[in-house]
Amino acid sequence: MTTKITIHGAAGRMGRSIAAVLAEDQNAELVAGVDRGEAVGKDLGLLAGKGPTGVLVVADLEEAFRKADVVIDFSLPAATRGVMEAAGSVGVPVVCGTTGVDAEGRASIDALGKAQPVVFAPNYSQGVTALFHLAARAAELLGEGFDAEIVEMHHKLKVDSPSGTAMRLAEVVAGAKGFSLEDDAVYGREGDVGARPKREIAVLALRGGDVVGEHTLYLQGMGERIELTHRATDRGIFARGAVRAAHWVKGKAPGVYDMFDVMGVAR
Ligand code: NAD
């Protein structure tokens, strides 16, 4: 059955990428888009780099949310509370990909989760979600005889380091090994650092060129090592994951879910 979707943040990079994914999806229909300023009145199809659809960007959240089975929100933290409250008054589930959401925004997500199903994930890539799962299982299986180290690589314009995804990967591996990032993570080595302690996870960042994003977990034993790598070549991975989440969330029980739930990954 078709999933009717409204995009909040429709004119942004992610909003346009999601509209492009929806245009190819036989089981989804883009019914409305919300944005602000000059974007209002623009055709969603043209914004997505496709042909005109006649569906225009509007500024009124409730009007746009009422048409949808699911709202996908990739906008700004300042908008989160308004999105959740409008979804609550209309009674529609939300897939939220906005990052940097503050405590007030998080509280509004939890409040909506009491009445509607909400998916809230910092990374909608299906491959990255699988990497987190495989990393935790491998670290558990191999135990303390294997040293874990993480290397990530991104384009030269990225301003934060290490990436949020590398930190989440480190958290997952630390959890599986019984380590804590606060006490056991290091972010570089230089000079007379001594032999590697047993309780240590290094998270190292490389920068350059136009690399979309690469993350490798090394599990290094004596005489063997495993390398688990995720390579992103296209930012559309987040849009495809968000659309998968939108299909999944329709008809689910109220609650706040993440990509592990969407992909049926055991924790
Ligand atoms: P962007 O700046 O290109 O787009 C954001 C859009 O939201 C803009 O068009 C803006 O006008 C609109 N917007 C902001 N506040 C609004 C409001 N109050 N009402 C209506 N429209 C509003 O940004 P982007 O690259 O598309 O990223 C959007 C968000 O998604 C960011 O928080 C980003 O970090 C996040 N993101 C998450 C993932 C993930 O997997 N979870 C992946 C990529 C990006």
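The structure presented is a predicted model; accordingly, all values stated were derived computationally and were not measured. Residue numbers count from 1 along this sequence. Below, all heavy atoms of this structure are taken into account, side chains as well, without hydrogens, waters or symmetry copies. Ligands are counted one by one from 1 in listed order, and the atoms in each one are counted from 1 as well.
- The two atoms that bring Ile237 and His230 nearest to each other are CD1-CE1, 4.2 Å, heavy atoms only.
- Within the 3.5 Å criterion, the main-chain N or O of Thr53 finds a donor-acceptor partner in the side chain of Asp43.
- At a heavy-atom cutoff of 4.0 Å, ligand 1 is surrounded by His8, Gly9, Ala11, Gly12, Arg13, Met14, Asp35, Arg36, Phe74, Ser75, Leu76, Ala79, Gly97, Thr98, Thr99, Ala121, Pro122, Asn123, Tyr124, Phe238.
- Annotation: the span from Arg235 atom CZ to Ser125 atom OG amounts to 13.0 Å, rounded to 0.5 Å.
- Proximity of the aromatic rings of Tyr124 and Phe74 is defined here by a centroid distance below 6.0 angstrom, and this criterion is met.
- Atom CZ of Arg13 has 12 or fewer heavy atoms from other residues, nucleotides or ligands within 6.0 Å.
- Put simply, the side chain of Glu152 gets close to the backbone of Ser163: a donor and an acceptor are under 3.5 Å apart.
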